[in-house]
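Indexing begins at 1, ligand by ligand and atom by atom, following the structure's order.
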Amino acid sequence: MPHSPEPSPYPAAARQYHNFLQQVFPTNLAEETHSPAENSPESELELQARWFAGEFGRKFTSTDGKKIEIIQFGHWNHSAGPDFTEVAILIDGHKTTGSLEVELEASSWEAHGHGSNPEFDQVVLHVFLAQTQRTKQARFYTRTSEHREVVQLALEWESLDDWGPRPWNHLPEARLGRCSAPLQSMPSERLQSLISAAAQYRLQSKAQRLLSVAQIHGDHEALFQALAEALGFVHNRLAMRVLSQRLPLSLLLKLSDTERETYLFGAAGYIDFEHYQNSQEETTRLYLKELWQTWWQYQNRFDTSEERRLHWHLAGIRPLNHPQRRLAALLCIVNHWQQLIQTLQEGELEPELTIKKLKDYFASLQHPFWNYHYTLRSQATNKSMALVGQDRMQDILGNVLFPWLTRHSSDAWQNYTQLPGSQVNEKLRRACLRLFGSDEASIQRAKLNRRYYFQQQALLQIYNDFCLADSSECQDCPFPEQLSQW
Ligand code: SF4
């Protein structure tokens, strides 16, 4: 493997890139570089998951001007009733405990019949999205079946940052960008220093996101949720995130191996008669039968109504990456949780072995059924298949474990720069084309600058900060001119 370019000290370079953005967008960095979430959530479930992860913050003002502070986000409710239970909040300084309901619109409270349902009498806060122009005329009051008025909180969806990878529906044109000329004439050391700084900035942002979840739910829960999300990749990221929030690590670790497997597959909606009936072979039926023997005792604890059900996206997903196999991978990670933590800790003692040891850890995850099955409906394969493939492993290391390690190990950045690049996806391909060009020399230059994971992340960061923010076909983009300041 070729030597990676000399990395800059961390996190000084991240600050340098931050300052660079501040120079470019002097009025307000947060506003100018904030890439807002899509116009509306994918579903009510996304709103609830992002609320529970603390992405909206903890301090608010209610619709009638009261000061609200969330002390405890509580737990996802598995049964019928409000979305979250055992919540603790301060309302104008007075501590209140109870349940919390999160909905897309204020009017859903009545539309869903909560106002006449005694199960919702314990709700102390009704959370919904700020009214759109369409619904602005009507003002809804939230009342319980006992005619108690519930404090309302309206959230601004646009205040959120875009939430990780989504199916690509917005890609700037695939063509040469105006910045390619100054980038080409930039001395190599300066280009490397820019790439290193943008990569550190991105790594630090990911570490910060993990820290925000850790501050609410604890360090290990934050790591567990991030791993689940990464296993869900683009299409099933939300479902995996919600599953890991509903079945927290602390709960799963207390269960026996069989119970754990049953909870995960049952709560995901895979232990039912339909899957049993459609299974192709005796091994699968035996496997499901074993899970069912435990699940029937617990299934009533889980509300499987349409509102609560997880939706798994299968379109365009290769059988190897089927969500059932991803669940199995998550299960095996929990089964070997202490080993993962130990491997991460060992990285502090032998930093140069961090990547190898983590890859060995993922390669060692085995499951007697899932190593040989694509899905619950498929025939067994002759050859064993890895539960976490190379690409996913790479992504988990780069997007989850190294951001987590940056807070725990002083060598994390140095080791991160040794992580080889992943497969080039459409976003990265476009970033390279716009920033470097398409003639043979430019292609070689781009290849040289995306060999390592940190380089790829740097290019994606620049693409995110500038290309995605541009709507002038490069004409008004400040990046080319500002490069001389680097
Ligand atoms: S939008 Fe800016 S950063 Fe992106 S290709 Fe054009 S000039 Fe370069």
Trp404: ring pair (Phe, Tyr, Trp, His ring centres under 6.0 Å) partners, not counting sequence neighbours: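 Partners of Trp404 under the ring pair (Phe, Tyr, Trp, His ring centres under 6.0 Å) test: His408.
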Atom 2 (Fe) of ligand 1: protein N, O or S atoms that are less than 2.8 Å away, sorted by chain: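 Listed by chain and number, the nearby protein N, O or S atoms are Cys477 SG.
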Over all atoms of both residues, closest heavy-atom pair of His373 and Arg325: O-NH1, 3.2 Å
Pairing of Arg178 and Glu481 as salt bridge, 4.0 angstrom limit: yes
Side chain proximity check, Phe128 to Glu105, heavy atoms < 4.5 angstrom: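 Sidechains of Glu105 and Phe128: no contact.
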Non-hydrogen side-chain atoms of Glu55 and Arg209 separated by less than 4.5 Å: yes
Near-ring test Trp370/Phe265, centroid separation under 6.0 angstrom: yes
